[in-house]
Amino acid sequence: MFRYDGTVDHPAGRELLLLALLGAFTGVLAGGCAVIFRYMIAFFHNLAFCGTVSLHYDALAHADPSPWGVGIILIPLAGALLVAFLVRNFAPGARSHGVPQIMYSIYYREAKIHPVLALIKSLSASISIGTGASIGREGPIIQITASVGSAIGGWLRFPGRVRTVLLAAAAAGGVAGSFDSPLGGVLFTIELFLPAVSAAALLPVSIAAVVATLISRSVFGTRPSLPVPMPELLSDPLISSLPSLVVLGLVVGVISTLFIVALCKTSKWFDSLSGNYYIRHAFGMVLVGAEIWFFLKLTGNYYVEGLGYSTIFDLLNGRIVTFGLLLLLLAGKFIATSVSLGSGGSGGVFCPSLFLGALSGALVGELLALVLPAGLAVPRELLVLAGMAAAVGAITGTVLTGIVMVAELTGCYELLASAALVSFIAFAVRRSWIGGGIYSQQLLGSNHSIPEGLQSAVWSSRRASDLMAPLPEGELPNNLIRVDADADMDAVLRQWNDYGADGAVVTRGGEPAGILRDSELAAACRSMAERMV
């Protein structure tokens, strides 16, 4: 269906127009999904915590104490049982935060995602968040909308590279519509989902993000999701804030690293427990319910349940200044999110990252206020916001996304320079300890590698064992090269071209394990030569 005007980099005008129209159509669907998903979270939250049927939910306000009293501990348990039933019986891929599964589908399955995933993910994630799991909505909305984009590409029988662009466009629309962040949505897909970037690929992605944002704003309004009380305080010269920002970057880098390690280890620990998924997830969410009850009795607010926007809003407004409470909230969010996701909850890590970054900024602000001269004092709001951006970038590996999205969420574009400095320091600290962010760590845990950075080659990230076919019966042909199962496809194709062979025998431990046929190697060579649309 897609024909080109003589070069692989530039589709013809009619194809560009088709991509633009598909981007707009995808944006409409993604924006609609984002709106419906937010209403579903509100519905389950009001039903579970208040016993009422309502779609109204103010994320900036703390939930009133539940009429269930101590029975609130059982609300996350009930949600866990429903989520386990949905995930186990209908869509195992809906478990956890979802983004790694999308990355896997792009790099290993030609962007093919089963359409049923959108329905099950929307239900399971809205139930998880609504019943108190300490998780975010970026992972679910990305998985929901990405499955829609993949389905569109599949129905129109587009090749894998075009289907990847539609998947990325839908994901960008989902992020933009869910967080009112069009630029953040575009950057997120660039940093994670587009194996190669060109103007033609960005056309449908950008259009989808803008259209989805317009749909979301028509429903929820244009007020920033996290308004800052006095944004004029953030316009101080960067040079006077430099020492504090450097310290904050180091602290956020350490906290982000510990969070990734804690989440991975908690997930492995729950998987090692006896019993099935129902029991493990139910056990985990009872722990989260007990923690929610603890915070309610101690402070009068749940604090660590759900998205956490209300707590971040408190930090921005200076309502939480006690050093002990800040530390307790930091530890509480660590535990609640690690247990919620590690035991099998269905949600994302973006909102928890914002939460941890905001707390890190507040803690650093309180400490530096005691030791720095008055002339070097940094506005607390600046540290909180810069910490949020840095934590998102360090934890997820999407540094540019974190910087821009926090600016869009708050409407404070004055923080961009400060947030960039803190974010890159935090990212460097995390990268020096562990190589990948939370998304790539999960893929590495399942023995799949995904290259980091733009313009990465899809086939270069694959190994010979990922593409080999079973050994045929009888003797193997003579004109075959021998390659190790762990050899990357770049090396395999270079050897294949050099020797003019008819294929390759894939060996593991010196013994034949599979075969790569000439036709498969030729297809790999063509795919490596092509850039995205």
Side-chain angles (χ1 to χ4, degrees), residues 24-50 52-64 118 121-123 125-130 135-145 148 169-188 206-229 231 305-314 316-317 347-348 350-351 354-355 358 385 388 392 401 404-413:
F25 177 66
T26 302
V28 171
L29 295 180
C33 288
V35 170
I36 293 172
F37 183 55
R38 289 178 64 172
Y39 277 137
M40 291 176 68
I41 294 173
F43 171 79
F44 286 112
H45 180 273
N46 291 325
L47 185 65
F49 278 82
C50 307
T52 60
V53 176
S54 173
L55 298 180
H56 175 72
Y57 176 59
D58 185 359
L60 300 181
H62 290 285
D64 294 329
K121 187 67 176 185
S122 60
L123 282 172
S126 56
I127 292 171
S128 282
I129 298 172
I135 49 184
R137 62 180 182 230
E138 105 288 344
I141 194 60
I142 288 170
Q143 203 167 10
I144 292 166
T145 53
V148 173
V175 173
S178 185
F179 294 97
D180 192 14
S181 177
L183 288 177
V186 173
L187 286 173
F188 190 90
S206 301
I207 291 175
V210 171
V211 171
T213 302
L214 292 175
I215 291 174
S216 176
R217 288 178 178 177
S218 69
V219 177
F220 299 110
T222 58
R223 185 185 71 163
S225 299
L226 288 168
V228 177
E305 64 92 13
L307 301 176
Y309 274 23
S310 55
T311 305
I312 297 173
F313 192 57
D314 283 352
L316 288 172
N317 284 272
F350 181 82
C351 290
L354 290 175
F355 194 107
L385 292 172
M388 290 162 59
V392 170
T401 301
V404 172
M405 282 192 69
V406 169
E408 290 184 308
L409 282 170
T410 60
C412 294
Y413 295 91

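Throughout, numbering of the chain's residues begins at 1 and tracks the sequence. When reading the values below, keep in mind they use all heavy atoms of this one structure, side chains included, and skip hydrogens, waters and symmetry mates.
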Between [X] and [Y], what is the shortest heavy-atom contact and its length?
X	Y	answer
V175	F188	CG2-CD2, 4.4 Å
S126	F44	OG-CE1, 3.5 Å
A209	V186	CB-CG2, 3.7 Å
A170	T145	CB-O, 3.0 Å
A176	P182	CB-CA, 3.7 Å
G136	C351	CA-CB, 3.7 Å

Donor-acceptor check, side chain of [X] to backbone of [Y], threshold 3.5 angstrom: yes or no?
X	Y	value
S122	F37	no
S216	A212	no
E408	G184	yes

Are [X] and [Y] packed together at the side-chain level, in the sense that at least one heavy-atom pair is separated by less than 4.5 angstrom?
X	Y	value
I41	R137	yes
F179	S225	no
L226	M388	yes
L47	T52	no
M40	L123	yes
L354	V406	yes

### Query
Applying side-chain hydrogen bond (donor to acceptor under 3.5 Å, both in side chains), which residue pairs with at least one partner in residues 53-62 are found, sequence neighbours left out?
H62-S310, H62-D314

Would you give the length of the straight line joining atom [atom1] of [X] to atom [atom2] of [Y], rounded to the nearest 0.5 angstrom?
X	Y	atom1	atom2	result
I135	L307	CD1	CG	8.5 Å
L316	L385	CG	CG	5.0 Å
E138	S178	CD	OG	8.5 Å
N46	L55	CG	CG	8.0 Å
L29	I215	CG	CD1	8.5 Å
I142	C33	CD1	SG	13.0 Å

### Task
Just do the side chain to side chain contact (heavy atoms under 4.5 Å, CB included) check on D180 and R217 with the steps written out, would you?
CA-CA 7 Å; D180 192 14; R217 288 178 178 177; 2.6 Å; yes

## Note on the structure
Applying ring pair (Phe, Tyr, Trp, His ring centres under 6.0 Å) to F220 and not counting sequence neighbours gives Y39

### Task
Could you list the residues that satisfy ring pair (Phe, Tyr, Trp, His ring centres under 6.0 Å) with F355, not counting sequence neighbours?
none

